[in-house]
Amino acid sequence: MRRVLVIDGHPDAGSQGRSARVIYPQNSPQLVAFLAREDLFWRNMRRAFLRHCGFRPVRRTLIAHMRSATQEQRERWLREVRCLGFEGA
């Protein structure tokens, strides 16, 4: 992962043209989280940090229902995340 240098509140020019993917788990269903707080974590992460630092496009992978997931579901999620990592490398 590339680090971004911020000087005087502005990201360095070398970060232009970079993409980002945020992978995050949550225990509540995705729809409930969206209705309750309009997915504030994602909006803030995307707008305030990643886009400000020149990352575009910014994508996300949300893994919901973590607490109630079976071992098979967790293994499938790990495989999917590994594939995303290899695609981004």
Side-chain angles (χ1 to χ4, degrees):
M1 179 168 217
R2 183 164 190 261
R3 296 177 189 213
V4 177
L5 176 64
V6 177
I7 301 173
D8 295 328
H10 300 288
D12 69 337
S15 66
Q16 298 299 317
R18 303 291 296 187
S19 64
R21 177 174 298 272
V22 177
I23 301 171
Y24 63 101
Q26 66 182 29
N27 288 322
S28 60
Q30 184 176 0
L31 181 61
V32 171
F34 178 76
L35 293 174
R37 32 178 222 270
E38 298 178 23
D39 210 354
L40 292 176
F41 170 80
W42 170 244
R43 284 195 321 175
N44 289 332
M45 176 68 73
R46 183 184 62 201
R47 289 181 186 164
F49 299 108
L50 297 170
R51 284 193 176 165
H52 173 74
C53 291
F55 289 92
R56 283 191 176 89
V58 177
R59 296 183 180 100
R60 72 173 167 171
T61 299
L62 171 65
I63 301 174
H65 302 289
M66 288 294 295
R67 191 172 290 158
S68 62
T70 65
Q71 186 63 29
E72 289 178 11
Q73 286 174 318
R74 292 177 184 179
E75 290 173 4
R76 185 187 56 154
W77 288 331
L78 285 174
R79 284 192 304 271
E80 290 175 8
V81 168
R82 269 191 212 103
C83 288
L84 289 171
F86 285 123
E87 289 174 7

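The figures here come from the full heavy-atom set of this structure, side chains too, leaving out hydrogens, waters and symmetry mates. The residues of the chain are indexed from 1 along the displayed sequence.
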Between S68 and Q73, the two heavy atoms sitting closest are O-OE1, 4.3 Å

So CZ of R46 and CZ of F55: to nearest 0.5 Å the spacing works out to 15.5 Å

Side chain to side chain contact (heavy atoms under 4.5 Å, CB included) test vs L78 passes for just one of E80, R76, R82, R74, namely R82

Between the OG1 atom in T61 and the CZ atom in R21, the distance rounded to the nearest 0.5 Å is 4.0 Å

>> Would R60 and I23 count as a side-chain contact (heavy atoms from CB on, under 4.5 Å) here? Give the steps.
In response: CA-CA 6 Å; R60 72 173 167 171; I23 301 171; over 6 Å; no

Original post:
Quick one: does Y24's side chain get under 4.5 Å of W42's, heavy atoms only?
Top reply: yes

- Message: Keeping N27 on the side-chain end and H65 on the backbone end, is there a donor-acceptor pair under 3.5 Å?
- Response: no

Open item on the list: Show, in sequence, the C-alpha distance, side-chain angles and deciding distance for R56 and S19, and conclude whether the side chain to side chain donor-acceptor pair (under 3.5 Å) test is met.
Closed with: CA-CA 5 Å; R56 283 191 176 89; S19 64; over 6 Å; no

Start with the C-alpha gap between I63 and V81, add the side-chain angles, then the distance that decides, and say whether side-chain contact (heavy atoms from CB on, under 4.5 Å) holds.
CA-CA 10 Å; I63 301 174; V81 168; 4.2 Å; yes

4.5 Å side-chain heavy-atom contact, M45 and L50
yes

